[in-house]
Each structure stands twice: as C-alpha cells, then as structure tokens.
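Here is the structure we will look at, set down as structure tokens.
Residue numbering restarts at 1 for every chain, and letters A, B, ... go by the order of the sequence lines. All heavy atoms count here, side chains included; hydrogens, waters and symmetry mates do not.
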Amino acid sequence: MLDIRYLRENTADAKRRLLAKGCDASAEIDRILELYDLRRAAATSTDSKRSEQNKVSKEMPQLKKQGTDVSGLLEKMKALSDEIKADEARIRELESEYYSLMLGLYNLPDEDLKPGGKENNEPIRTFGYQKVLEFEPKHHVDLCTKLGLIDYERGTKLAGNGFWVYRGLGARLEWALLNYFIDTHIANGYEFTLLPLMLEYECGVTAGQFPKFADEVFQIANPTDERVHYMLPTAEAALVNLHRGELLSERELPRKYISYSPCFRREAGSYRASERGMVRGHQFNKVEMFQFTTPESSDAAFDELVTHAENLVQGLGLHFRTVKLAAGDCSAAMARTYDIEVRLPSLDGFIEVSSVSNSRDYPARRGAIRFRRDPDNKIDLVHTLNGSGLATSRIFPAIVEQYQQADGSVVVPEVLRRYLGGLEVIS
RNA sequence: GGAGAAAUACCCAAGUGGUCGAAGGGGCUCCCCUGCUAAGGGAGUAGGCGUCUAAACAGCGCGCGAGGGUUCAAAUCCCUCUUUCUCCGCCA
C-alpha cells in the first residue's frame with residue numbers, strides 16, 4: 001500500500017511514477033483522496049458525538065442515585081446513539097471503498113528505473129562466457145529424458161500438463177542444488193525456515209498478491225468446511241507475513257531468512273514452444289531469500305541480495321547476466337527488481353533464474369510490519385526485500401544444456417559433487 | 001470429527017451492565033535506607049491506532065482474542081469466527 005500522506009502531498013508525482021510502470025491510476029488516486037477527506041470529516045464529527053455520549057454515561061449513575069428523572073435525557077441519548085450508528089455505517093462504507101482502491105494501487109517504481117516494459121530492461125553485468133561447442137547442442141528435455149533425470153510423461157499422467165517427475169540422479173541433482181543453495185545461505189547468516197505451503201487469504205493481501213492477482217494461485221477448498229487456503233506461489237508470500245502485525249525493535253533488524261519451498265502457480269494461459277520442459281510449470285522448487293530491514297539500509301540489502309544470488313550462479317560456473325528491469329516489468333508490489341538470467345542454449349537466449357526485489361514499505365504498510373527506532377522510540381515501517389536464491393527448475397535445464405557433452409552426458413558442476421557422492425559426470 | 005473450558009496490560013490475575021484506561025501480585029525502571037549482599041521503604045510502569053497540529057504537547061475518539069449485535073450505556077449480555085487447553089475418536 002502506498003503512503004496516503006505521500007499521495008496527498010505529491011499527487012502529481014505519484015501519478016507520474018505509476019504511469020512509468022504502465023498504470024494510469026489518476027482517477028483512482030483522485031477518488032482515494034476524496035474518500036480520505038470524507039472519512040476524516042465523518043470520523044471527527046462522530047468522535048465528538050461519542051465524546052458527548054461518554055460524558056453523559058459517566059454522569060448517569062449519579063443522576064439516578066439522586067433520583068433525577070432521566071427519561072428526557074435517555075430519549076435524547078437514544079437519538080444520539082442512533083446518529084452514531086448511522087455515522088459508523090457510513091464510515092465503514094467509506095473505509096471499505098478507500099481500502100479496496102488503496103490495495104489496488106501498485107507500488108511506486110524507483111526513480112532511476114527506465115519507464116516502459118520489458119523492452120527497456122537493461123543488462124548491467126554478464127558473467128562467464130558462451131562455450132563454443134563442437135557439436136549441435138541438444139535441448140534439455142531430450143537430454144533429461146535420455147539420461148533418465150526427468151520423467152515428463154509420467155508427471156503429466158499424475159498431475160496433467162505442467163508437472164514433471166524428478167527421478168534417480170535427476171532427483172539427486174535437484175536435491176544437491178537445493179542443498180548447495182541452503183548451505184551457502186546459512187554460511188551467509190540467513191535463518192533457514194520451512195513454511196506452511198498453504199496460506200490463508202490475509203497472507204496474499206500483505207504480499208501484494210490479493211485481491212488483484214488472486215487468479216494466479218491455486219485455491220484449496222474443502223467439501224465439509226468453509227476454510228479456504230491458497231497454495232504458496234513463492235516462499236516470499238509466507239516469509240513477508242512472518243512478522244505481520246508485529247512491532248519489532250530496531251536491534252532485531254535486519255532479519256534475514258531463507259526458505260526452501262515448492263512453488264505452485266496456475267500459469268493460466270498456454271506455454272510458448274520455447275518454454276517446453278521445465279521452464280514454466282505449475283510446481284517448481286525454489287530457495288527464497290528474504291530480508292526485513294530499516295528504510296535506511298534497504299538499498300544496501302538489495303545489493304547484498306543481488307550479490308548472493310549472483311554468487312550462487314557463478315559458483316555453478318554458468319554463463320549468465322544480471323538485468324535491471326524497467327519500471328513496467330517490475331511486478332506490482334515491487335519498487336525495483338534485478339533479474340538474474342542464465343543462458344539456455346536451446347533458447348539461444350537468457351532465462352530468469354532469480355528475481356531480486358526491493359518492495360520498500362509497500363507490503364509493510366499492508367501488513368503493519370513495523371519497528372521501533374532505537375534512540376527516539378519512533379515507530380516506522382520496515383522495508384522488505386526478497387530474492388530467489390535460486391529457482392532450480394531453470395537452473396537445472398541450464399546446467400544440463402551448458403554442461404552437456406557430445407555424447408549426451410552431462411558434467412556435474414564441481415560445487416555439487418560433494419552432494420552426489422563425488423559424481424563427476426551423469427551419463 | 002465429537003464434548004467441554006478458556007482468551008484482560010511484560011507475566012500471573014480480579015472484575016457479570018454505569019464514576020473501569022481497568023483491583024491485586026510478580027517482574028522491570030528510578031529513588032531512599034543499610035559498609036557489601038540479603039531484606040526493607042517510596043515512586044513509576046498501556047502500548048498502539050485514528051483525529052487535532054506545520055510539527056510536538058495537551059485534548060478528543062477507539063482498544064479487555066477478532067468481527068458483528070442488544071442497550072441511553074458493554075471487559076461484563078447475545079451471535080459468529082480464531083486460537084489455546086482437557087477428554088473421546090481417528091491418523092502420519
């Protein structure tokens with residue numbers, strides 16, 4: 001959620017920045033400001049009525065004790081009470097419209113981002129190089145199938161299109177990647193967490209997913225009760241909610257978490273041919289990094305997250321690049337995002353394996369995640385940042401394709417060998 | 001899944017319709033006393049949000065798990081929900 005004060009005092013700025021992200025929210029913002037004033041006026045007048053009510057209520061027992069006839073007063077107070085109730089209903093209405101508009105507003109993109117969409121994304125660093133192969137490189141689907149790493153057919157049999165089964169060395173390679181990521185993060189000082197994979201609605205609101213993007217997640221409803229859960233689309237959605245409604249002390253910041261989780265996404269709409277295989281599925285594994293920081297340190301935390309993600313890919317010896325996203329390609333809740341894209345030869349291009357974002361105080365305002373400042377006890381919203389570190393479902397194909405050899409075997413990246421009993425080549 | 005009990009401030013806890021922003025105790029902070037320690041005496045200890053304000057203070061409003069309702073008036077009565085505990089059943 002955006003800061004109402006900022007919206008009031010910098011209305012034109014806010015509209016312009018959202019426009020850079022591709023949203024024309026001019027009408028919504030005007031209505032929000034109007035609703036805010038209406039609610040304030042209504043609340044002020046209701047408060048003074050309540051003040052009167054409280055005053056009389058305090059006097060009432062004494063009047064009764066003195067035997068004063070209070071019937072006229074009671075009648076007056078009844079009328080006041082009715083007025084207050086009508087006011088309250090009106091305020092509820094105003095608030096509900098206000099909040100639903102506020103929740104629909106995207107986060108402001110940082111000022112240094114290029115406006116516009118994907119086409120304005122800007123690669124800022126490239127790591128490694130494109131290996132020159134003396135043979136025609138194969139597609140990871142073919143390699144994985146031939147080597148028995150991934151069973152696409154049976155995955156589809158079990159759960160339909162967009163699911164696959166890791167088998168044998170494939171499962172072990174996947175597990176090795178996850179362990180490599182987790183061990184590295186732990187060494188970097190992150191707290192390892194394992195989270196519920198089904199969340200309640202409120203989590204999606206704080207994460208910025210709901211109400212606008214509810215279609216993108218799987219919903220679990222039960223035949224015998226009303227409870228509804230949502231399958232975790234990313235561990236970020238759970239992690240950001242860890243401290244929802246909490247008042248942290250500045251000493252506790254930053255809080256750095258990682259979590260491993262499968263991620264479930266509906267990915268409604270169909271695949272492109274280029275996304276054959278594990279590039280886009282309904283379920284994939286990811287280790288997520290997450291930080292709660294003070295506003296002052298979130299930029300440094302962002303750089304740290306990018307570096308941690310880059311180091312993981314670099315450790316695997318892959319050819320990849322870091323891309324600074326244009327305003328319009330950052331997702332709704334994010335102020336800035338850098339993607340890490342690994343080269344996938346079969347695509348003849350790069351594909352996202354990590355997305356590192358600073359959401360500033362946008363989720364914190366939605367979920368009331370606050371901290372008390374040390375010297376002056378002032379309360380402020382935390383900044384939240386997240387980054388994949390990493391999503392395996394795209395690293396796996398990249399490893400298979402970048403490390404493939406002429407005979408269809410795949411060299412195991414050195415950092416993973418200790419997790420695979422020293423195995424050097426999958427053949 | 002069934003039956004019951006509970007939720008009050010940092011902790012324990014009193015409070016069944018009105019002067020309750022809420023007794024009491026513990027803890028914590030400060031002060032006094034004692035050479036040190038133990039013990040004792042005194043004072044303080046509801047945060048938060050909203051509103052008002054240029055801002056702050058003060059004021060006003062909200063707050064006793066959450067949300068509704070009854071009432072002139074709700075911690076207190078009613079309804080729904082959540083969580084915790086106990087018992088039964090089922091189960092990795």
When the nearest nucleotide of RNA chain B is assigned to A:Lys55 and to A:Glu200 on a heavy-atom basis, which residue is associated with the more 5' position? A:Lys55
Upstream residue (5' side of RNA chain B) when A:Glu75 and A:Ser51 are each assigned their closest nucleotide: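 Looking at RNA chain B, the more 5' nearest nucleotide goes with A:Ser51.
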Can you give me the N/O atom pairs linking the protein to nucleotides 90-92 of chain B at distances under 3.5 Å, or say none if there are none?
none

Between A:Arg417 and A:Val412, is there a donor-acceptor pair closer than 3.5 Å when you use the side chain of the first and the backbone of the second? yes
Can you see whether A:Phe302 has A:Arg336 sitting over its ring - NZ or CZ less than 6.0 Å from the centre and within 45° of the normal?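 Yes, a cation-pi geometry.
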Do A:Tyr180 and A:Tyr419 have ring centroids that are under 6.0 Å from one another?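 No, the ring of A:Tyr419 stays outside the 6.0 Å limit from the ring of A:Tyr180, centre to centre.
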Does the gap between the ring centers of A:Phe292 and A:Phe371 come in under 6.0 Å? no
Sugar-phosphate, base or nothing in reach of A:Lys64, heavy atoms under 4.0 Å: base
May I ask you to say what A:Gln53 touches in the nucleic acid, namely base, sugar-phosphate or nothing, with a heavy-atom cut-off under 4.0 Å? sugar-phosphate
Distance, [atom1] atom - from [M] to [N], rounded to whole angstrom:
N: B:G89; M: B:C78; atom1: P; result: 32 Å
N: B:A38; M: B:C49; atom1: C1'; result: 45 Å
N: B:A23; M: B:G18; atom1: P; result: 16 Å
N: B:A75; M: B:G15; atom1: C1'; result: 8 Å
N: B:C60; M: B:U8; atom1: P; result: 28 Å
N: B:A9; M: B:A92; atom1: P; result: 40 Å
N: B:C10; M: B:G47; atom1: P; result: 9 Å

Scan nucleotides 65-71 of chain B against the protein and return all N/O pairs shorter than 3.5 Å with their distances rounded to 0.1 Å.
none

Do nucleotides 47-55 of chain B as a string where each nucleotide becomes B, S or -: B if the base has a protein heavy atom under 4.0 Å, S if just the sugar-phosphate does, - if no protein is that close. SSSBSS---
I need the CD-C1' distance between A:Glu202 and B:U82, as an integer number of Å. 13 Å
Rounded to whole angstroms, how far apart are NZ on A:Lys58 and P on B:C20? 8 Å
Are any of A:Asn54's side-chain N or O atoms less than 4.0 Å away from OP1 or OP2 of B:G61? yes
Pairing nucleotide - B:A66, Watson-Crick or G-U, each distance under 3.5 Å: B:U80
Just do the salt bridge (charged side-chain N to carboxylate O under 4.0 Å, His left out) check on A:Glu236 and A:Lys286 with the steps written out, would you? CA-CA 10 Å; A:Glu236 172 209 338; A:Lys286 180 159 64 66; over 6 Å; no
